[in-house]
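Position 1 is the first residue of the sequence; numbering continues from there. Values reported hereafter were calculated over all heavy atoms of this structure, with side chains retained and with hydrogens, waters and symmetry mates removed.
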Amino acid sequence: MKTEDEIAQAIEQLSHAKSPKRRGAAKTLRRNAVKTAGQALLDALQKEVRDPRTWETQYQMVMAIGESGYTDALPFLCELASGCDDESMVGVGLGDGLSVCP
């Protein structure tokens, strides 16, 4: 388990200029199932979906939201799912992420 400072740093990194940093932060939050990161992850994902090239980062953010159990994100995730094709990794992440929500 990461320390509170490491978790805070990961949440801050969700707004980093570089996608690999944002993706790494989402992975950290996902692995640690950080319950308090839900809103920050949702805010970051809402910005991230504007760039289809960052699908890996979007996938990790979706999965981290699912692991956090942040149910307030469900309306946005459902809206996002309705626009995904069956083969997109973000769509796969949405299915996987939603399945872990409480």
Side-chain angles (χ1 to χ4, degrees):
M1 183 63 153
K2 298 284 185 181
T3 67
E4 286 185 34
D5 287 341
E6 290 170 320
I7 296 299
Q9 183 180 15
I11 290 171
E12 185 177 311
Q13 291 255 311
L14 290 172
S15 60
H16 195 279
K18 300 210 178 271
S19 180
K21 293 285 189 181
R22 296 189 304 271
R23 183 170 51 252
K27 283 181 181 181
T28 295
L29 296 169
R30 176 185 176 192
R31 274 192 302 269
N32 290 277
V34 179
K35 304 294 182 205
T36 58
Q39 185 61 53
L41 284 160
L42 176 58
D43 293 343
L45 179 62
Q46 288 173 326
K47 293 176 188 168
E48 200 70 41
V49 297
R50 296 178 190 152
D51 187 351
R53 297 172 301 168
T54 65
W55 63 267
E56 292 173 278
T57 303
Q58 294 171 38
Y59 173 85
Q60 291 299 329
M61 288 178 175
V62 167
M63 293 302 294
I65 288 170
E67 289 295 333
S68 77
Y70 190 64
T71 57
D72 288 352
L74 289 174
F76 179 75
L77 295 177
C78 289
E79 178 183 326
L80 191 58
S82 70
C84 284
D85 61 45
D86 292 341
E87 297 178 11
S88 82
M89 284 307 296
V90 175
V92 169
L94 286 163
D96 292 346
L98 291 172
S99 70
V100 297
C101 280

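- In this structure, D43 and L14 have side chains that are not in contact, with every pair of non-hydrogen atoms separated by 4.5 Å or more.
- Note that the CG atom of L29 and the NZ atom of K35 stand 12.0 Å from one another [nearest 0.5 Å].
- Annotation: the span from I7 atom CD1 to E12 atom CD amounts to 13.0 Å, rounded to 0.5 Å.
- Summarising the geometry of A10 relative to A25, their closest heavy-atom pair is O-CB, 3.1 Å, with the distance given to 0.1 Å.
- Put simply, the side chain of Q58 gets close to the backbone of E48: a donor and an acceptor are under 3.5 Å apart.
- Separating the CZ atom in R22 from the CG atom in L41 is a distance of 13.0 Å, to the nearest 0.5 Å.
- Side-chain atoms of K47 never come within 3.5 Å of backbone atoms of L42 as a donor-acceptor pair (strictly under, hydrogens ignored).
- Distance CZ/R31 to NZ/K2: 6.5 Å, rounded to 0.5 Å.
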Under the side chain to side chain contact (heavy atoms under 4.5 Å, CB included) rule, what do T57 and D51 come out as? Steps first, then yes or no, please. CA-CA 10 Å; T57 303; D51 187 351; over 6 Å; no
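- Without hydrogens or angle criteria, N32 side chain to V34 main chain gives no donor-acceptor distance under 3.5 Å.
- Rounded to the nearest 0.5 angstrom, Q39 CD and S68 OG are separated by 10.0 Å.
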Take T54 and S19, measure what side-chain hydrogen bond (donor to acceptor under 3.5 Å, both in side chains) needs, and give me the verdict at the end. CA-CA 7 Å; T54 65; S19 180; 5.0 Å; no
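- Of the inter-residue distances, the one linking I65 atom CD1 with M63 atom CE reads 11.0 Å to the nearest 0.5 angstrom.
- Minimum interatomic distance between A44 and M61 (heavy atoms only, all atoms of both residues): CB-CE, 3.7 Å.
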